[in-house]
J.: 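Below you'll find the structure I mean.
Ligands are counted one by one from 1 in listed order, and the atoms in each one are counted from 1 as well.
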Amino acid sequence: MEVLILGAGTMGRGLARALAAKDCTIYLYDPNPAARTAATQALAGEFEAQKCRWLEKLAVPPDCVAVIEAVPENLSLKKSVLAELAATLPEATVVATNTSALSVHALAAELPYRARFLGWHFFNPPTHLPLVEVIPTSFTAPAVVEWSERFLTSVGKVPLRAPDLPGFIVNRIARPYYVEALRLVESGQTTPEVVDKLMEGLGFRMGPFRLMDLIGIDTNYAVTQAIWEGLGYPPRFRPSWLQAQKIAAGQLGRKTRQGFYTYGSPDS
Ligand code: NAD
């Protein structure tokens, strides 16, 4: 089966790996040459790289069963990419957004193909985490939701439906894991290393700071921002100046080799 992935950053690249390993042919589109080079380097030598092809421009190959949008967590950017897709979208292709927290209805509203559009919220790294939140809108055809569940199951994922609320279910409940950890460090009374050691000591696979570095500090910040705005700015979800400062400094986590920690390579 052929799948087009829009955006070859942290998630696009991970999704390419995960789906290529399940016998999908992957088309990747990313207008940023640096992202393309980084993704090519990350996939170099891997078996999955042979199943990935780059598109020079945004045009959906005719046999694609699905398009997965994995561009940055920004409503207007996502809307414009999804609108651009309409011109070349084959009649039966399903389009899914991998947004973490934005309103799927807001993304869907003006799309001519909105009956074939829904949220597939994958988790990072998609090569290891099978869960996918499936988020239909009131425009999504029931057959498209059912097809999505069959397709995701066939590629080894575990699809579970979630409502179109800010952060859906997982990111809404997980938000304090990041926000409270950032508040503690902002207070100057502890450090990312201490917080991570304690949480990992308790049994969490990754402490919040190591996890934010894996996710991308810019992405994690944008997700908090979307949930905060979507819920009417409750103080408990206020985004952290510490993250804003890291973003301003270009320290985005593993993808820039510097976040709360320093890394030898994005995948180290
Ligand atoms: P990222 O910043 O790592 O990658 C985004 C990529 O999109 C970049 O390579 C960028 O060049 C590319 N891009 C920008 N404009 C584009 C366009 N017009 N067309 C195609 N590509 C374009 O971001 P990410 O962390 O991979 O996040 C992507 C989406 O996945 C976001 O909506 C995010 O919320 C969601 N998500 C992220 C994670 C995570 O842990 N990082 C987990 C689940 C969902």
J.: Compare all side-chain heavy atoms of Val223 with those of Tyr178 and state whether any distance is below 4.5 angstrom.
T.: no
J.: Can you tell me which residue and heavy atom of the protein come closest to atom 35 (C) of ligand 1, and the distance to 0.1 Å?
T.: Asn98 O, 3.2 Å
J.: Give me the residue, atom name and distance of the protein heavy atom closest to atom 12 (C) of ligand 1.
T.: Asp30 OD2, 3.1 Å
J.: Which residue supplies the protein heavy atom nearest to atom 36 (N) of ligand 1, what is that atom called, and how far is it?
T.: Ser100 OG, 3.2 Å
J.: Could you identify the single nearest non-hydrogen protein atom to atom 18 (N) of ligand 1 and state the distance to 0.1 Å?
T.: Val81 CG2, 3.3 Å
J.: Out of Gly119, Gly7, Pro72, indicate the one that has the non-hydrogen atom closest to atom 14 (C) of ligand 1.
T.: Pro72
J.: Which residue and non-hydrogen atom of the protein lie closest to atom 42 (C) of ligand 1, and at what distance in Å?
T.: Met11 SD, 3.5 Å
J.: Compute the shortest N/O to N/O distance between Thr219 and ligand 1 and return yes if it is under 3.5 Å, no if not.
T.: yes
J.: Using a 3.5 Å cut-off on N or O atoms only, is Ile215 in polar contact with ligand 1?
T.: yes
J.: Students often mix this up, so state it plainly: with edges at 30° and 60°, are the rings of Trp228 and Tyr233 parallel, tilted or perpendicular?
T.: perpendicular
J.: Give a yes/no verdict on whether any heavy atom in Phe123 is under 4.0 Å from an atom of ligand 1.
T.: no
J.: Who passes side chain to side chain donor-acceptor pair (under 3.5 Å) against Lys157, sequence neighbours left out?
T.: none
J.: Applying a strict 4.0 Å limit to heavy atoms, is Arg36 in contact with ligand 1?
T.: no
J.: Verify the cluster assignment for Ile68 and Phe117: are they in a single hydrophobic cluster under the rule of side-chain heavy atoms below 4.5 Å apart?
T.: no
J.: Are Phe122 and Val170 grouped together when hydrophobic residues (ILVMFWY) are joined by side-chain heavy atoms under 4.5 angstrom apart?
T.: no
J.: Please answer: with hydrophobic residues joined when any side-chain heavy atoms are less than 4.5 Å apart, are Leu28 and Val95 in the same cluster?
T.: no
J.: Can you tell if the side chain of Leu75 reaches within under 4.5 Å of the side chain of Leu107, non-hydrogen atoms only?
T.: yes
J.: Just to confirm my output: which protein heavy-atom neighbour is closest to atom 1 (P) of ligand 1, and how far is it?
T.: Lys255 NZ, 3.6 Å
J.: Does Pro31 come within less than 4.0 angstrom of ligand 1, counting non-hydrogen atoms of the residue?
T.: yes
J.: Which atoms of ligand 1 sit under 4.0 Å from any heavy atom of His121?
T.: 43 (C), 44 (C)
J.: Could you verify whether a donor N or O on one side chain and an acceptor N or O on the other, from Thr93 and Arg116, lie under 3.5 Å apart?
T.: no
J.: For atom 43 (C) of ligand 1, find the nearest protein heavy atom and state the residue, atom name and distance (0.1 Å precision).
T.: Phe122 O, 3.1 Å
J.: Give me the residue, atom name and distance of the protein heavy atom closest to atom 15 (N) of ligand 1.
T.: Leu77 CD2, 4.0 Å
J.: Ignoring angles and geometry beyond distance, decide whether Asp218 reaches within less than 3.5 Å of ligand 1 through its nitrogen or oxygen atoms.
T.: no
J.: For a side chain to side chain contact (heavy atoms under 4.5 Å, CB included) check, start with the C-alpha distance between Cys24 and Lys51, then their side-chain angles and the critical distance, and finish with the verdict.
T.: CA-CA 7 Å; Cys24 292; Lys51 308 197 72 187; 6.0 Å; no
J.: With heavy-atom distances below 4.0 Å as the criterion, list the atoms of ligand 1 near Tyr29.
T.: 19 (N), 20 (C), 21 (N)
J.: Please confirm whether Arg114 makes a cation-pi placement over Phe139, using NZ or CZ under 6.0 Å from the six-membered ring centre and within 45° of the ring normal.
T.: yes
J.: Out of curiosity, is Glu69 lining ligand 1, as in a heavy atom under 4.0 Å away?
T.: no
J.: Please test Arg36 against Glu56 for salt bridge (charged side-chain N to carboxylate O under 4.0 Å, His left out), starting from the C-alpha separation and ending with a verdict.
T.: CA-CA 11 Å; Arg36 204 171 146 145; Glu56 293 300 330; 3.1 Å; yes
J.: Heavy-atom contacts with Ala35 under 4.0 Å: which atoms of ligand 1 show up? List them by number with element.
T.: 9 (O), 11 (O)
J.: Which residues satisfy the side chain to side chain donor-acceptor pair (under 3.5 Å) test with Asp196, sequence neighbours excluded?
T.: Tyr261
